[in-house]
Amino acid sequence: MGKDVIIACDFASAKQTFDFLDQFTDKKPFVKIGMELFYAEGPQIVREIKRRGHRIFLDLKLHDIPNTVKKAMAVLRDLDVDICNLHAAGTIPMMKAALEGLTRPDGTRPLLIAVTQLTSTDQATMERDLLIERPIDEVVMHYAKNARDAGLDGVVCSPLEAQKVHAVCGADFLTVTPGVRFADGDVGDQKRVMTPAQAKEIGSDYIVVGRPITAAEDPVAAYERCVREFVG
Ligand code: C5P
């Protein structure tokens with residue numbers, strides 16, 4: 001898989017999602033389905049988007065005991081998505097169990113990536129609520145290394161961390177980065193942002209872009225601009 005733009009389909013219903021996706025008649029974009037849409041519509045929404053020819057990143061961020069995650073991943077593997085994820089905080093045994101569950105009898109499986117520390121968690125919150133006192137950058141890199149050691153394919157990280165993740169975990173370890181905005185666009189609630197061109201420059205493998213595309217007046221044009229700037 002090469003560099004690509006993944007559209008975050010943060011919609012509340014199947015209708016809104018298909019109204020949005022119906023606008024794309026040429027190229028079928030890679031889409032991300034998150035908890036809101038999945039919990040509202042169930043696995044059928046995944047099957048339908050797949051049937052329409054889209055690649056899918058199913059962003060459900062699993063985190064539980066290894067046996068439970070393994071069994072849940074075994075269900076997800078039959079949805080035939082392209083990327084799944086989990087929380088690296090679930091530890092290496094959980095990540096290894098997830099990979100086992102995700103692997104089909106013929107040895108194929110969706111890519112599996114890990115969330116390190118959520119970008120909503122800052123140093124102060126991590127120290128106060130989680131009693132983790134190391135610098136947050138060190139924690140993020142440690143979780144990324146754990147994910148790599150468990151056999152995962154990459155991490156979700158801020159575009160600002162992508163370069164370092166590649167330096168620490170290898171160039172082939174995927175970095176999937178949200179927090180992307182056009183140079184002339186609204187930043188919204190994202191605190192640390194990069195343009196698609198900057199994300200390309202620092203070596204992100206995939207960018208996850210939501211509102212700059214979904215809330216644009218012309219979503220197809222915004223998507224195409226994003227692809228032009230990021231993939232070239
Ligand atoms: O609309 P926007 O481009 O901000 O959407 C970014 C997407 O990436 C959302 O689905 C958001 O939940 C997700 N995300 C994020 N930051 C993270 C992890 C995921 O923005 N650290």
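We count ligands from 1, going down the list as the structure has it; atoms in each ligand are counted the same way. Fair warning: this is a prediction, and the values are worked out from it, not measured in the lab.
- Side-chain atoms of Thr214 and Cys9, non-hydrogen and from C-beta on, never get closer than 4.5 Å to each other.
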Handout entry: Verdict with supporting geometry, Asp205 and His166, side-chain hydrogen bond (donor to acceptor under 3.5 Å, both in side chains)
Key = CA-CA 10 Å; Asp205 295 292; His166 279 142; 3.0 Å; yes
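- Protein residues with any heavy atom under 4.0 Å from ligand 1: Ala8, Asp10, Lys32, Thr119, Pro178, Arg181, Gln190, Val208, Val209, Gly210, Arg211, Pro212.
- Residues passing the ring-ring contact (aromatic ring centres under 6.0 Å, His included) test with Phe18: none are found, sequence neighbours excluded.
- Between Glu229 and Arg225, at least one side-chain N (NZ, or NE/NH1/NH2) sits under 4.0 Å from a carboxylate O, which counts as a salt bridge.
- Between Glu48 and Arg52 there is a salt bridge, since a side-chain N of the basic residue sits under 4.0 Å from a carboxylate O of the acidic one.
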Problem - Evaluation steps, side chain to side chain contact (heavy atoms under 4.5 Å, CB included), between Thr195 and Phe182 - result: CA-CA 5 Å; Thr195 65; Phe182 290 120; over 6 Å; no
